[in-house]
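The chain is numbered in sequence order, starting from 1.
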Amino acid sequence: TKTVPTEAGWAVFWLREDPTRLNWARIYYAHVDFEGNIILAPRMVIEVPKVDWRDRYYNVAWNGDHFGMITAERDKLYYQSVSWDGVVSNRHTVGPTLFVSDVYDQEADSDFEAYPGGFFGVIEGDCSGHSCSYAFRLSPDGLQMGSSYNVVDFDFTHSFWPKAVFDGVGFVVAYVKDAVGVGGAVTKYVRVAQWGEPS
């Protein structure tokens, strides 16, 4: 489930399986006001193909007059605009190639946030045959701005679970990285300039 604040309340997105569509997962959306009253009834937005061990199929953010949504569909990441009423448009590929392998990781952990210039995303992707995590920026209508940057490289055992925030100048990405030889995970962060590479 992803809850997204808007000017009128909260948009709620969630996944639902349909027994008649065994190889697909459906993304639903509803809107509630600040008192919790339903102002837009639940509706299906889009279907995405199910992938073994995938942890995150979608992420979404509100940018003033529409939602930006990214969906992890097999090895490709797609952007689509979603209107207040749940109508999908402007679908196209963005970001890095996603990692799809039976070896160890297909999770596509991600975060996706709006900022005045558009959207900022971080997601696990393919990095020469293993999993890396990438940051990328999109314009308000979802067009990619610049390249996807490799934020952190992983080995065969890792966690990611990122959280990205915009601080008015650039972006900060917090993530979980396995600590080698310690037996536990540590939280790290990286700063990504608004118009540049990670630092």
Side-chain angles (χ1 to χ4, degrees), residues 1-16 25-48 56-73 76-96 98 108-123 125 133-149 151 161-175 189-198:
T1 303
K2 177 80 184 267
T3 303
V4 182
T6 69
E7 290 86 347
W10 293 277
V12 184
F13 291 81
W14 69 96
L15 283 174
R16 178 179 178 270
R26 292 180 163 186
I27 300 172
Y28 279 75
Y29 153 62
H31 218 126
V32 299
D33 65 18
F34 292 111
E35 286 74 43
N37 302 305
I38 297 174
I39 55 177
L40 188 71
R43 60 204 57 210
M44 190 187 80
V45 177
I46 194 171
E47 287 184 317
V48 292
R56 190 87 195 183
Y57 284 96
Y58 76 97
N59 226 309
V60 62
W62 173 253
N63 199 339
D65 62 355
H66 68 282
F67 299 98
M69 175 183 284
I70 53 172
T71 54
E73 304 183 29
K76 290 184 172 52
L77 184 66
Y78 288 90
Y79 169 89
Q80 41 252 311
S81 296
V82 182
S83 72
W84 178 278
D85 295 324
V87 177
V88 176
S89 62
N90 198 20
R91 176 180 161 91
H92 54 271
T93 58
V94 295
L98 303 183
D109 285 342
S110 65
D111 195 22
F112 192 59
E113 295 299 322
Y115 76 106
F119 299 97
F120 176 76
V122 287
I123 193 167
S133 55
Y134 292 87
F136 58 93
R137 289 182 302 112
L138 305 178
S139 67
D141 56 356
L143 298 178
Q144 186 146 350
M145 301 166 66
S147 302
S148 298
Y149 300 109
V151 175
W161 303 326
K163 181 62 181 174
V165 295
F166 179 66
D167 66 4
V169 178
F171 309 95
V172 175
V173 180
Y175 61 91
Y189 73 93
V190 63
R191 196 167 194 293
V192 182
Q194 184 171 347
W195 304 112
E197 298 186 22

message: For Arg16, is there an ion pair with Glu47 - N to carboxylate O distance below 4.0 angstrom?
response: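 Salt bridge flag = no for Arg16 with Glu47.
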
Is a side-chain N or O of [X] found less than 3.5 angstrom from the main chain of [Y], in a donor-acceptor match?
X: Gln144; Y: Gly95; value: yes
X: His92; Y: Asn90; value: yes
X: Lys2; Y: Val60; value: yes
X: Asn63; Y: His66; value: no

query: Should we say atom CH2 of Trp161 is surrounded by more than 12 heavy atoms from elsewhere, each under 6.0 Å from it?
result: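 No - once you tally the heavy atoms of other residues, nucleotides and ligands closer than 6.0 Å, there are 12 at most.
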
task: Evaluate whether atom CD1 of Ile38 has more than 12 neighbouring non-hydrogen atoms of other residues, nucleotides or ligands under 6.0 angstrom away.
output: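 No - once you tally the heavy atoms of other residues, nucleotides and ligands closer than 6.0 Å, there are 12 at most.
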
Any side-chain heavy-atom pair of [X] and [Y] under 4.5 Å:
X: Trp14; Y: Pro42; answer: yes
X: Val87; Y: Val82; answer: no
X: Ser133; Y: Val122; answer: no
X: Val88; Y: Met69; answer: no
X: Asn37; Y: Val32; answer: no
X: Ile70; Y: Phe136; answer: yes
X: Ile123; Y: Pro96; answer: yes
X: Asn59; Y: Asp111; answer: yes

Taking all non-hydrogen atoms of both residues, which atom of [X] and which atom of [Y] are closest, and how far apart?
X: Glu7; Y: Phe34; result: O-CE1, 3.4 Å
X: Leu138; Y: Met145; result: C-SD, 3.5 Å
X: Trp84; Y: Thr6; result: CZ3-OG1, 4.2 Å
X: Ala108; Y: Ala72; result: CB-CB, 4.0 Å

field: Whether Phe171 and Phe120 hold their rings parallel, tilted or perpendicular, with breakpoints at 30° and 60°
entry: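 Phe171 vs Phe120 ring planes: parallel.
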
field: Spacing of Ser139 atom OG and Tyr79 atom OH [to the nearest 0.5 Å]
entry: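 It is 7.5 Å, given to the nearest 0.5 Å.
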
query: Going from OH on Tyr28 to CD1 on Ile46, what distance comes out if it is rounded to the nearest 0.5 angstrom?
result: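 CD1 of Ile46 is found 13.0 Å from OH of Tyr28.
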
message: Holding to ring pair (Phe, Tyr, Trp, His ring centres under 6.0 Å), I want the full list of residues that pass it with Phe67, two or more places apart in sequence or in another chain.
response: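 Result, ring pair (Phe, Tyr, Trp, His ring centres under 6.0 Å) vs Phe67: Phe13, Tyr29, Trp62.
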
- prompt: Can you find a side-chain donor-acceptor pair between Ser83 and Asp85 that sits under 3.5 Å?
  reply: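 Not at all, the side chains of Ser83 and Asp85 share no donor-acceptor pair under 3.5 Å.
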
field: Side-chain H-bond candidate by donor/acceptor type, Gln80 with Thr71, under 3.5 Å
entry: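 Distance-only check passes for Gln80 and Thr71.
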
query: Under the criterion ring pair (Phe, Tyr, Trp, His ring centres under 6.0 Å), which of Phe112, Phe119, Tyr115 is the partner of Phe166?
result: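 Per the ring pair (Phe, Tyr, Trp, His ring centres under 6.0 Å) rule, the option paired with Phe166 is Tyr115, out of Phe112, Phe119, Tyr115.
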
Tyr58 six-ring face occupied by Arg56 cation (under 6.0 Å, within 45°):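 Pair Arg56/Tyr58 counts as cation-pi.
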
